[in-house]
Amino acid sequence: MADNGAGSAVTLTRKDFSSDQEVRWCPGCGDYSVLTAVQLLMPELGIPPENFVFVSGIGCSSRFPYYMNTYGIHSIHGRAPSLATGIAIARPDLNVWVITGDGDALSIGGNHLIHALRRNVNMTILLFNNQIYGLTKGQYSPTSELGKVTKSSPFGSLDYPFNPVSLALGAEASFVARTHDMDRKHMQAVFKRAHEHQGSAFVEIYQNCNVFNDGAFEQILSKEARPRMLIELHHGEPIRFGADHELGVALNEKGEATIVNVADVGEDKLLVHDEHRDDPTLAFALSRLADQPTVPTPVGVFRDVHRPTYEGEVQRQLVAAQERQGPGDLKELIGAAPVWEVS
Amino acid sequence: MADNGAGSAVTLTRKDFSSDQEVRWCPGCGDYSVLTAVQLLMPELGIPPENFVFVSGIGCSSRFPYYMNTYGIHSIHGRAPSLATGIAIARPDLNVWVITGDGDALSIGGNHLIHALRRNVNMTILLFNNQIYGLTKGQYSPTSELGKVTKSSPFGSLDYPFNPVSLALGAEASFVARTHDMDRKHMQAVFKRAHEHQGSAFVEIYQNCNVFNDGAFEQILSKEARPRMLIELHHGEPIRFGADHELGVALNEKGEATIVNVADVGEDKLLVHDEHRDDPTLAFALSRLADQPTVPTPVGVFRDVHRPTYEGEVQRQLVAAQERQGPGDLKELIGAAPVWEVS
Amino acid sequence: MTAETTTTSSRRPEALDRVVIRFAGDSGDGMQLVGDRFTDVSATFGNDLATLPNYPAEIRAPAGTIAGVSSFQVHIADFDILTPGDVPNLLVAMNPAALKANLHDLSPGSSIIVNTDAFEARNLEKAGYAANPIEDGTLAAFRVYTVPMTSMTLEAAKESGAKPRDAERSKNFFALGLIAWMYTRPVAPIVEWIQERFAKNDMVRNANLAAFKAGYHFGETAELFDHPYEVQAAQLPPGKYRNISGNVALAYGLIAAAQQAKLPVLYASYPITPASDILHELSKHKNFGVRTIQAEDEIAAAGIAIGGSFAGHLGVTATSGPGVDLKSEAIGLALSLELPLVLVDVQRGGPSTGLPTKTEQADLLLAMYGRHGEAPLPIVAASTPSTCFDAAFEAVRIAVKYRTPVILLTDGYLANGAEPWRFPEIDALADISTPFATELNHEGEFWPYLRDPETLARPWAIPGTPKLMHRVGGLEKQDGTGNVNYDPDNHELMVKLRAAKVARVAADIPPVEVDDEVGATVLVLGWGSTWGPIKAAVRRVRGGGRKVAHAHLTHLNPFPSNLGEVLARYDKVLVPEMNLGQLSRLVRAEYLVDAQTLSKVQGLPFRAAEIEAKIVEMIDG
Amino acid sequence: MTAETTTTSSRRPEALDRVVIRFAGDSGDGMQLVGDRFTDVSATFGNDLATLPNYPAEIRAPAGTIAGVSSFQVHIADFDILTPGDVPNLLVAMNPAALKANLHDLSPGSSIIVNTDAFEARNLEKAGYAANPIEDGTLAAFRVYTVPMTSMTLEAAKESGAKPRDAERSKNFFALGLIAWMYTRPVAPIVEWIQERFAKNDMVRNANLAAFKAGYHFGETAELFDHPYEVQAAQLPPGKYRNISGNVALAYGLIAAAQQAKLPVLYASYPITPASDILHELSKHKNFGVRTIQAEDEIAAAGIAIGGSFAGHLGVTATSGPGVDLKSEAIGLALSLELPLVLVDVQRGGPSTGLPTKTEQADLLLAMYGRHGEAPLPIVAASTPSTCFDAAFEAVRIAVKYRTPVILLTDGYLANGAEPWRFPEIDALADISTPFATELNHEGEFWPYLRDPETLARPWAIPGTPKLMHRVGGLEKQDGTGNVNYDPDNHELMVKLRAAKVARVAADIPPVEVDDEVGATVLVLGWGSTWGPIKAAVRRVRGGGRKVAHAHLTHLNPFPSNLGEVLARYDKVLVPEMNLGQLSRLVRAEYLVDAQTLSKVQGLPFRAAEIEAKIVEMIDG
Ligand SMILES: Cc1ncc(C[n+]2csc(CCOP(=O)(O)OP(=O)(O)O)c2C)c(N)n1
Ligand SMILES: Cc1ncc(C[n+]2csc(CCOP(=O)(O)OP(=O)(O)O)c2C)c(N)n1
Ligand code: SF4
Ligand code: SF4
Ligand SMILES: [Mg+2]
Ligand SMILES: [Mg+2]
């Protein structure tokens with residue numbers, strides 16, 4: 001999402017973006033660190049608080065807008081992308097952020113999400129994926145792993161989960177990224193990129209719910225695991241990871257992305273990440289490396305391509321119509337049909 | 001979707017699957033040929049009509065169930081996959097077919113579609129894609145090309161279209177195929193494969209709406225164009241097309257699927273189609289060859305992998321529970337809490 | 001045919017004060033098209049008129065069958081009329097199915113023109129006729145004119161070069177030509193229209209023109225018809241007129257209201273019959289700054305409109321019954337956010353998918369109560385096609401002033417029906433704008449729920465306004481601060497405030513007017529599109545020497561403040577409704593008045609005669 | 001502590017007939033848990049009881065704040081009681097916020113036990129206390145017991161090896177121990193429960209046990225309390241009892257009804273407070289053949305349930321207000337398909353997201369009218385937690401017999417509240433099964449809308465049945481054949497048939513019973529969870545020497561056939577409702593009776609005293 005607000009003369013601080021409402025998440029919830037990351041990033045963007053609108057659905061994560069000293073709507077379950085679409089179309093001058101959860105965005109709100117993505121409405125979408133329904137106290141979500149035992153699945157869930165990155169790519173998203181609640185710097189870098197992107201920017205955030213799904217990402221996000229379990233994507237660079245960058249990603253002869261030992265294949269054979277490729281297949285291939293956060297998982301920007309924004313095109317048609325027909329004249333409009341007078 | 005009905009002793013004919021209702025589509029509509037294909041295929045499946053349920057939403061195409069002499073529900077707009085899910089779970093012995101349109105399935109019904117696909121509920125989904133809203137007389141749909149002039153977009157539509165095959169793949173579909181209304185044989189072969197698939201089988205059908213979107217597929221489906229514009233996929237075979245099979249699909253050095261002259265690259269370099277690959281990336285790559293039916297377009301089965309069906313798993317849990325706890329005993333259930341008696 | 005020859009006829013026309021004509025044919029026969037032409041030319045000619053299109057839900061139901069019949073009824077008169085007419089004076093039947101489907105609506109003595117070419121075995125069978133009704137005495141009670149329209153059309157179109165299969169499709173213009181002659185319609189505008197509309201296709205244009213002229217000349221030359229008729233221009237109240245359908249009037253009303261509210265329209269909608277034409281119409285007027293968005297579904301459409309309103313636009317969404325169901329939750333949110341919003345419900349036959357192309361009034365209680373919790377909102381209804389303009393304007397006025405979603409009810413009959421519209425002087429339209437909040441409003445803070453003491457509306461502070469950053473949401477909030485709040489007393493306060501805000505609208509709307517006669521004991525209370533037939537029935541009852549009063553509601557919630565007092569004045573109250581008695585239930589609950597329902601749920605408007613009979617029964621009984 | 005020492009106390013208990021205790025603390029303090037324990041042990045002991053849990057919508061609102069307070073009220077008695085009690089006799093306040101949030105509900109003379117350890121500067125400030133209320137005279141009107149619960153818990157838990165931060169979390173069990181002593185509760189079951197529940201974590205188990213015992217012993221040894229109290233077992237009607245909450249009773253009711261209907265339950269739902277526990281409960285009982293599906297949203301849940309019913313299962317879906325909004329369109333389809341379906345609405349505070357964890361009755365009119373078109377369906381409501389079983393059974397009975405969706409209304413109070421339940425003899429439950437159609441029914445054809453002349457229900461022919469293949473849909477269909485049909489008269493017929501089918505249920509339900517006194521002039525009419533407080537109020541009014549009658553509705557649509565006659569018997573009718581007067585509007589419209597509303601919309605049940613006062617005012621005034 002682009003910086004299109006007026007730059008502010010005074011320097012802004014985190015405080016300028018923090019509301020006076022007490023934060024109501026469980027102690028230890030991953031939501032806190034996302035909030036911090038966003039509040040710390042905001043002043044850097046050089047846009048005054050009044051030019052942001054945070055729109056959320058319903059869920060623990062969706063309380064987020066209350067804590068931002070910006071404009072905000074805590075809407076209804078799953079519908080945030082539609083409200084955000086209305087705001088963005090009405091006011092291309094604003095910066096619209098959508099805050100949503102794995103239930104909010106992918107269960108009840110799945111349709112609005114995929115349509116916002118294909119339309120490329122200018123909004124930054126942060127999906128707090130804790131693989132659980134937090135607010136309703138612990139049912140499995142569309143990202144929960146198969147067999148998960150929860151209140152609503154005492155014998156294990158049967159629903160094959162979505163891979164949010166794959167889904168977004170299948171829905172023609174122009175910007176797709178993933179980050180996690182354990183690394184504020186990484187979050188900020190990704191959020192900033194998302195904000196700068198013209199169009200809908202989709203960011204999946206792995207977020208720990210320490211009350212109902214504690215440790216869901218432990219296998220990849222513990223300090224100790226991160227080097228060998230997180231595959232950081234950098235545009236234009238060969239994809240490498242591991243404590244000593246000893247591992248990498250390469251395409252095998254079938255064209256599938258696979259994990260390799262760099263020593264075995266040679267650095268040349270590594271896949272060079274390309275965010276800007278028109279064809280989303282590469283990004284899709286990377287998204288399939290990890291269906292669940294238990295194996296090496298790519299984080300960072302999967303895809304970032306340019307496409308006209310929806311509201312930009314709306315605006316273009318309005319301007320063109322005015323140029324063609326002149327500004328609307330009600331009398332003329334009504335009188336455009338045959339008119340007769342009775343006196 | 002599997003044959004799990006009892007074989008019928010008498011030989012069935014098309015008539016056994018045709019209802020007495022007059023077919024109410026515009027003369028020349030592509031829906032007729034799909035209906036014919038289905039009615040002709042049915043007797044071949046060896047399942048009596050009473051073991052089929054056709055469920056549809058709302059749209060021209062969704063009138064389909066009325067013409068089938070099977071059980072059927074013409075439900076509400078976009079919701080057919082959910083009704084079908086209920087039927088399939090209640091009655092794994094039935095064969096459930098969903099009939100839907102590009103508006104029904106991808107606009108209002110997008111969420112139910114992607115969830116049915118990820119859950120792998122046993123149903124055969126036929127999406128009649130005419131790139132238009134037929135029944136409501138011609139508004140653009142989620143598959144209409146950018147810039148399309150319709151009643152609701154007099155200056156051209158601004159909505160970047162879905163690629164239904166990509167979307168289905170991003171939604172974890174286990175079976176994805178495409179066919180078209182000009183080739184009954186091809187339709188029948190694909191429908192049969194879809195029916196045989198265990199789980200949700202997604203079939204996109206290019207269907208001409210000769211009243212509101214005539215010729216949408218002309219560029220690839222005219223008799224003359226087909227050889228060089230349709231890329232027929234066959235499992236295990238190198239992907240070739242063209243009047244003299246002179247063209248093919250190969251991966252370029254970036255791993256993108258591209259059209260090549262076989263003579264230029266040599267047959268060895270051609271992509272060998274593999275429907276059964278666990279990783280959906282290859283199928284996804286193929287789906288990106290054509291975003292609109294104006295360039296060479298793959299048809300046939302993109303993906304067909306095995307995954308447990310949802311209702312199979314539901315059944316498994318029921319059986320396991322009965323084995324573990326014995327059949328439900330109401331008295332025992334109610335008495336499981338501390339009980340006291342007042343006399 | 002020159003312009004001169006077209007307006008005179010060689011035989012003297014007989015003057016009529018009114019005539020009701022019904023064109024009926026197959027869905028593919030273009031009956032709506034010729035109906036529209038006849039209407040437009042009559043409107044410009046100066047008749048008063050009303051129309052009733054009627055067509056199947058299928059795009060094209062099977063040709064030749066009863067299910068596939070499409071008809072268009074138009075009532076023209078030299079005085080002000082109120083309905084499309086109970087009984088057609090003339091039926092034009094293009095095929096046997098059209099005859100069969102419409103015959104039972106005629107009275108003995110009505111005229112019928114049949115296209116004899118279509119009365120062959122296959123068509124007769126499709127229509128379910130064992131014998132040819134033209135020949136077997138079925139039509140004995142009527143004046144029947146048999147005209148081989150198809151063959152005469154083919155003959156006439158020969159020169160156009162069109163192939164017979166195509167030329168045959170011009171037969172509706174033959175019929176139009178014939179009827180134009182019969183009722184002495186000006187021909188030039190029709191010819192011009194054909195020329196313009198089919199400008200891109202010479203062959204079609206020429207075939208249609210030739211057919212039209214052939215029909216006209218046939219009337220003139222054939223011995224079949226004694227003489228043509230004439231319906232003079234009506235003496236309507238002075239003013240500028242144009243013909244308009246309800247959906248177009250509604251679209252114009254939104255544009256006008258938005259202009260007077262100084263807000264851009266942000267219209268989000270998902271297509272649905274019979275509301276789609278509002279989207280189609282609005283999408284043409286981007287030069288007014290109107291943004292139209294075709295959403296992925298009705299819920300998204302409501303959400304987009306809410307977002308638009310939050311951002312300072314006039315959020316509007318329109319749909320029909322199924323879509324209203326779906327939008328319920330979002331409308332509840334708008335109500336809780338206390339933002340302006342207009343939801344248009346173009347009612348159609350229900351429940352469920354029901355009768356998508358037919359009219360009904362059965363969503364009133366849904367509009368009142370179709371949201372969980374205590375969720376009241378104002379409801380406005382249009383009563384004729386052209387008053388859709390006024391109703392839209394009024395809905396916007398209330399929404400903006402009170403910061404509330406408003407439901408605007410019309411129906412399929414209003415949406416597609418047309419009538420002459422004496423349109424308002426644009427410059428005289430009221431200013432209904434409201435200022436956005438720009439300043440802190442409470443001790444150095446901004447309180448988003450600090451209410452205007454008169455209207456109880458909260459400040460509307462739009463994003464981009466410095467210092468007024470605030471968050472709103474669907475959770476209960478503290479009055480004043482707007483902060484999330486679960487306090488029991490605050491909740492009750494807010495529930496009552498939201499109700500009070502809607503109730504206050506009553507002081508801001510005109511009292512209901514009663515078309516009264518001294519001594520009337522029966523009051524007919526109506527709302528929405530029953531206006532025409534009720535008014536016509538009342539005229540007839542009075543013509544018969546009885547006294548009756550009529551009151552018609554534009555505001556369904558809150559009711560006008562004098563309604564209780566008005567109801568109390570009469571011994572009996574009759575409420576004709578195209579439902580099972582919905583307004584009736586509201587009135588009974590509110591005023592404990594024994595309002596009686598006259599119900600018609602057939603997908604068709606009332607006939608004046610039906611209401612007349614009931615009124616007479618109540619007066620005499 | 002051994003079992004022996006636990007049931008006796010060294011000081012003589014004083015007998016009480018009833019006591020109302022409220023546990024209040026931070027959301028994280030485990031108040032619901034100890035409330036439940038106290039309830040269960042009192043139930044098994046034989047008291048009559050009623051409970052009222054009350055907690056914030058946030059998972060864990062900020063610790064120490066008013067917003068974060070969670071409370072659990074339990075009323076135990078030696079006679080049959082009706083409500084969780086108006087005014088607590090004892091408040092247990094674990095921190096200042098808990099004190100502040102609850103203090104205004106006490107009467108002078110009530111007792112308060114405060115955890116003094118929590119009354120330090122930071123907590124006082126968070127609660128908004130400028131000074132310590134224990135010391136500044138704020139509590140002068142009450143009997144205050146100050147107990148340093150936290151430190152005593154820490155002390156007691158030392159041996160468990162738990163770290164102080166963890167051990168501190170056992171303080172709720174200290175409070176439970178103390179209260180158990182105060183009211184002479186049997187201790188063994190609580191000890192056992194702790195041992196079982198925390199079996200997997202020795203440290204936690206031991207800490208909780210130690211805290212519980214320490215609390216108990218503190219009561220016994222501290223000089224603070226004169227003596228314990230005793231509330232004897234109640235003399236309830238003979239039968240077998242267990243304690244049960246509304247949501248569990250409802251789940252059992254569905255299982256029982258399905259068994260008696262010989263249908264498997266297919267339950268599809270999307271989680272939502274306060275309905276989720278029905279899903280949780282049902283998902284445990286797969287051995288009954290119960291299929292539970294967590295759908296992607298409420299619309300899908302309704303769709304899945306409809307599919308299930310079409311396929312021959314008992315389709316059920318449950319939700320709360322926002323979900324009912326969303327399901328409207330699908331319920332309209334079920335109604336048009338004429339298939340059995342039960343939609344449970346566990347009502348919560350609205351509109352919009354409202355007060356998700358609070359109770360309300362404001363969805364009645366939504367249940368009646370919340371679908372487009374004329375779309376009537378039967379409505380049943382439960383009146384106490386345990387009658388959720390009966391109401392579920394009745395809803396299923398009607399749905400299956402009449403092939404119609406039925407809405408079952410409960411609310412947050414019923415869902416989470418608990419009471420002793422005299423459960424029925426399973427073998428005595430009625431057979432409510434209906435045969436599926438298996439044969440052609442009309443001249444060698446199968447007509448899916450050929451109705452049973454008595455119930456007007458259509459045949460239920462399920463897929464897989466040879467020869468009965470048929471198609472149903474939401475478009476209007478011809479009565480009998482079920483074929484799509486747009487005929488005006490058929491539509492009216494179908495609209496009336498659908499209404500008549502629902503109306504016929506009236507002949508199939510018991511007349512409303514009146515708890516009457518000769519000479520009463522005021523009738524209190526209630527529905528749903530107001531049963532308890534109304535009954536209690538009526539008792540009090542009668543205790544005060546006045547006469548009053550009470551009638552309570554289980555069937556809201558159609559009304560019992562004698563209701564009109566009952567209403568006519570009284571001079572005045574009072575309808576207490578947790579809304580702005582919804583039943584009241586229905587009754588006024590139906591019977592033209594001037595029913596008066598006593599409204600409370602605070603997210604909390606009525607107190608008996610509130611209703612009593614209004615009744616007295618009406619009798620005397
Ligand atoms: C229409 C509707 N249905 C259901 C709910 C209940 N509900 C609230 S939040 C939620 C899911 C929350 O999960 P998620 O989006 O993952 O957010 P989290 O709490 O985990 O951050 C549900 C089911 C609701 N508020 N509204
Ligand atoms: C809830 C609801 N919204 C809108 C409609 C109107 N409607 C009926 S079909 C349709 C779209 C049809 O398009 P598609 O699914 O592509 O089917 P087609 O007619 O092209 O076969 C729409 C918008 C409806 N019936 N119900
Ligand atoms: S329940 Fe989970 S997601 Fe919600 S606030 Fe608590 S820790 Fe965070
Ligand atoms: S409108 Fe188009 S899709 Fe619909 S029946 Fe006619 S040709 Fe077919
Ligand atoms: Mg979540
Ligand atoms: Mg379509």
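In what follows, every chain begins at residue 1, and chains take the letters A, B, ... in the order their sequences are listed.
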Are [X] and [Y] close enough that some pair of their side-chain heavy atoms sits under 4.5 Å apart?
X	Y	result
Leu580(D)	Thr597(D)	no
Val344(C)	Val346(C)	yes
Leu556(C)	Leu583(C)	yes
Leu364(C)	Leu586(C)	yes
Val587(D)	Val573(D)	no
His372(D)	Ser320(C)	no

On a heavy-atom basis, which atom in Ser599(D) and which in Asn579(D) lie closest, and how many Å separate them? OG-O, 2.6 Å
Smallest heavy-atom separation, Tyr55(D) atom then Ser70(D) atom, equals CB-OG, 3.8 Å
Out of [options], return the one with the most heavy atom pairs under 4.5 angstrom to chain D.
options	answer
Pro376(C), Ser352(C), Ala101(C)	Ser352(C)
Glu360(C), Lys600(C), Lys477(C), Arg585(C)	Arg585(C)
Gly332(C), Ala367(C), Gly354(C)	Gly354(C)
Lys496(C), Arg371(C), Gln361(C)	Arg371(C)
Ala362(C), Gly370(C), Ala595(C), Pro351(C)	Pro351(C)
Arg348(C), Met494(C), Glu374(C)	Glu374(C)

Contact part of [X] toward chain C, heavy-atom cut-off under 4.5 Å: side chain, backbone, both or neither?
X	answer
Arg498(D)	side chain
Ile66(D)	neither
Val593(D)	backbone
Asn485(D)	backbone
Gln582(D)	side chain
Leu365(D)	both

Flag the one option from [options] with the top tally of heavy-atom pairs under 4.5 Å to chain C.
options	result
Met368(D), Gln347(D), Lys358(D), Glu590(D)	Glu590(D)
Pro56(D), Pro322(D), Gly323(D)	Pro322(D)
Glu476(D), Lys327(D), Glu329(D)	Glu329(D)

What part of [X] is in contact with chain D, defined as an atom under 4.5 angstrom from a non-hydrogen atom: side chain, backbone, both or neither?
X	answer
Ile299(C)	side chain
Asn490(C)	neither
Leu592(C)	both

Is the shortest distance from a Lys or Arg side-chain nitrogen in Asp479(C) or Arg458(C) to a carboxylate oxygen in the other one below 4.0 Å? no
Atom pair CG (Leu335(C)) and CG (Leu337(C)), whose distance is rounded to the nearest 0.5 Å: 9.0 Å
OG1 on Thr65(D) to NZ on Lys100(D), rounded to 0.5 Å: 12.0 Å
